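Numbers restart at 1 for each chain; the letters A, B, ... are given by sequence-line order, proteins then strands. Note that the structure is predicted; figures quoted are calculated from it, not measured. What's counted below: heavy atoms across the whole structure, side chains too, no hydrogens, waters or symmetry copies.
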Number of protein chains: 2
Amino acid sequence: MPTELRRPERTFSIRQLCTEFKATPRALRFYEDKGLLTPARDGMNRVYSYKDRARLILILRGKRVGLSLQEIREILELYGEEDEVMVQNAHSLKKFREKIVDLEQQREDIDGAISELRTACERLEKHLADKRPDLLPKAADYDQMLRARLDGHAEPVAAK
Amino acid sequence: MPTELRRPERTFSIRQLCTEFKATPRALRFYEDKGLLTPARDGMNRVYSYKDRARLILILRGKRVGLSLQEIREILELYGEEDEVMVQNAHSLKKFREKIVDLEQQREDIDGAISELRTACERLEKHLADKRPDLLPKAADYDQMLRARLDGHAEPVAAK
DNA sequence: GCGAGCCTTGACGTTGACGTAAAGGGCATA
DNA sequence: TATGCCCTTTACGTCAACGTCAAGGCTCGC
């Protein structure tokens, strides 16, 4: 086989995906149990396709925004059946619309929480600066941490 | 007593707060157990002050953005002790900063999720328009629903 | 041929955030 | 005085989302 087995038909082992996304095998199997993933098999072993990987990305992001696995599954199912016996999909549509409203609400909540945390931080900082200036951490550290996180995250986690 | 016992010193029963914020008595007692609320007592009964109510609002919002009760408690504690024996608060500061980064990440996730859900909705709508136009819900309904939610929400839930 | 290291399938344990049922007290209205 | 309705505490149950063994199979390298 030639060296070019790059993007298109690549497959992944469970461990590859796990280290790539900082998940655990147990979690991936659990998602499979719940019908969110259905990787192929090579004998006994799971073989994940690029599509599976894409689904996993969606799953993880869904989780981060607070969707239940159940909700995530419903969304994912939409991207497959496309033209199945869908009569009750009017129901799905309604639920999705509601979820959008929820998420917009959540966005506001987050903005609020962020500004509150910022305030709390400022107060703490001032307090510390007054009484225990020795304990003040370097601001630069956080700049660095922030940058580090903003690169990686949902997209492949720095697979070293 | 005069009819004006409005804003300042008002107190609330557990049920009042529950119906106002769509919580359950069990939940409020649970928060108390965990040290997030400490309402006064009238004999055996809990009496919530305006400050307690404010804390409750923060608790509920914290929950909506995915904070654990533990984390929420730490934030709330900051708004009271102000100048206690705080040496390890440098640690809190660090944790809050990290949480801010988390939340900013989460905001991005939500934006992504929203646009994905919108796409999903559009596809579903088109599909339905094609095959089962009879099932299409009226768009106006959602305008209404959206408005209804954007008024109420974290602030008092329409206490009818 | 055998240990290391990957994988598999059960099956039970855990944690957080409550739900739910039991047993009782306090006040009001019929 | 009895019937509700609200409150209380104590205690056990539940649900999601895994974690954590246990027991076993494949395959590589030596």
Side-chain angles (χ1 to χ4, degrees), chain A residues 11-49 52-53 55-76 95 99 102 106 109 113 157 159, chain B residues 11-49 52-53 55-76 95 99 102 106 109 159:
Chain A
T11 63
F12 307 83
S13 77
I14 193 169
R15 191 148 301 262
Q16 278 169 1
L17 289 187
C18 283
T19 62
E20 183 174 13
F21 297 110
K22 299 212 164 162
T24 68
R26 178 67 177 96
L28 296 213
R29 294 190 197 109
F30 186 74
Y31 301 152
E32 188 174 340
D33 256 33
K34 298 294 167 183
L36 284 84
L37 283 175
T38 43
R41 296 292 181 132
D42 171 18
M44 285 262 84
N45 295 1
R46 276 164 249 259
V47 177
Y48 295 87
S49 69
D52 290 325
R53 202 188 91 128
R55 287 172 78 92
L56 179 56
I57 291 179
L58 288 180
I59 293 171
L60 297 177
R61 182 159 84 185
K63 286 199 48 185
R64 286 200 302 274
V65 305
L67 301 184
S68 70
L69 296 186
Q70 157 76 347
E71 291 172 314
I72 295 173
R73 203 193 54 194
E74 290 179 42
I75 295 176
L76 288 178
K95 285 187 57 188
K99 206 66 205 174
D102 272 6
Q106 212 178 319
D109 286 338
V157 157
Chain B
T11 62
F12 307 83
S13 77
I14 193 170
R15 191 149 300 261
Q16 278 169 3
L17 289 187
C18 284
T19 62
E20 184 175 10
F21 297 110
K22 299 212 163 160
T24 67
R26 178 68 177 95
L28 297 213
R29 293 189 197 110
F30 186 75
Y31 301 152
E32 189 173 341
D33 256 33
K34 299 295 168 182
L36 282 84
L37 282 175
T38 42
R41 296 290 182 135
D42 172 18
M44 286 261 84
N45 295 1
R46 287 167 176 80
V47 177
Y48 295 86
S49 69
D52 290 325
R53 202 188 90 126
R55 286 171 79 91
L56 179 55
I57 291 179
L58 288 181
I59 292 171
L60 296 178
R61 181 159 83 186
K63 285 199 47 187
R64 287 200 301 273
V65 305
L67 301 183
S68 71
L69 295 186
Q70 157 77 347
E71 291 172 313
I72 295 173
R73 203 193 56 196
E74 290 179 43
I75 295 175
L76 288 178
K95 284 187 56 189
K99 207 66 205 172
D102 272 5
Q106 212 177 319
D109 286 338

Novice: Rounded to the Å, how far apart are A/Asp33 CG and C/dG10 P?
Specialist: 9 Å

Novice: Tell me what B/Arg46 touches on the nucleic acid: a base, only sugar-phosphate, or nothing, going by heavy atoms under 4.0 Å.
Specialist: sugar-phosphate

Novice: To the nearest 0.5 angstrom, please state how far the CD1 atom of B/Ile75 sits from the CG atom of B/Leu67.
Specialist: 5.5 Å

Novice: If we only count heavy atoms from C-beta on, is the A/Gln16 to A/Phe21 side-chain gap below 4.5 Å?
Specialist: no

Novice: Does a side-chain N-to-carboxylate-O contact under 4.0 Å join A/Lys99 and A/Asp102?
Specialist: yes

Novice: Which pairs count as salt bridge (charged side-chain N to carboxylate O under 4.0 Å, His left out) when at least one residue sits in residues 33-43 of chain B, sequence neighbours excluded?
Specialist: B/Glu32-B/Arg41

Novice: Going by the rule side chain to side chain donor-acceptor pair (under 3.5 Å), which residues pair with A/Thr38 if we only count those two or more places apart in sequence or in a different chain?
Specialist: none

Novice: Which distance, rounded to the nearest 0.5 Å, do you find between the CG of A/Leu28 and the SG of A/Cys18?
Specialist: 4.0 Å

Novice: So, using side chain to side chain donor-acceptor pair (under 3.5 Å) as the criterion, who are the partners of A/Thr11 when residues are at least two apart?
Specialist: none

Novice: With a 4.0 Å cut-off, would you call A/Asp109 and B/Arg61 a salt bridge?
Specialist: no

Novice: Assign each of A/Lys34 and B/Val47 to its nearest nucleotide of DNA chain D by heavy atoms, then name whichever residue's nucleotide is nearer the 5' end.
Specialist: B/Val47

Novice: Which residues pass the ring-ring contact (aromatic ring centres under 6.0 Å, His included) test with A/Phe12, not counting sequence neighbours?
Specialist: A/Tyr50

Novice: When you compare the protein's N or O atoms with those of nucleotides 2-6 of chain C, which come within less than 3.5 Å of each other, and at what distance?
Specialist:
none

Novice: Which is the 5'-most and which the 3'-most nucleotide of DNA chain D that has an atom under 4.0 Å from a heavy atom of chain B?
Specialist: D/dC6 to D/dA11

Novice: Side chains of B/Glu74 and B/Gln70: is there a donor and an acceptor less than 3.5 Å apart?
Specialist: yes

Novice: Going 5' to 3' along nucleotides 14-20 of chain C, which nucleotides have protein heavy atoms under 4.0 Å from the base (write B), which only from the sugar-phosphate (write S), and which from neither (write -)?
Specialist: ---BBBB

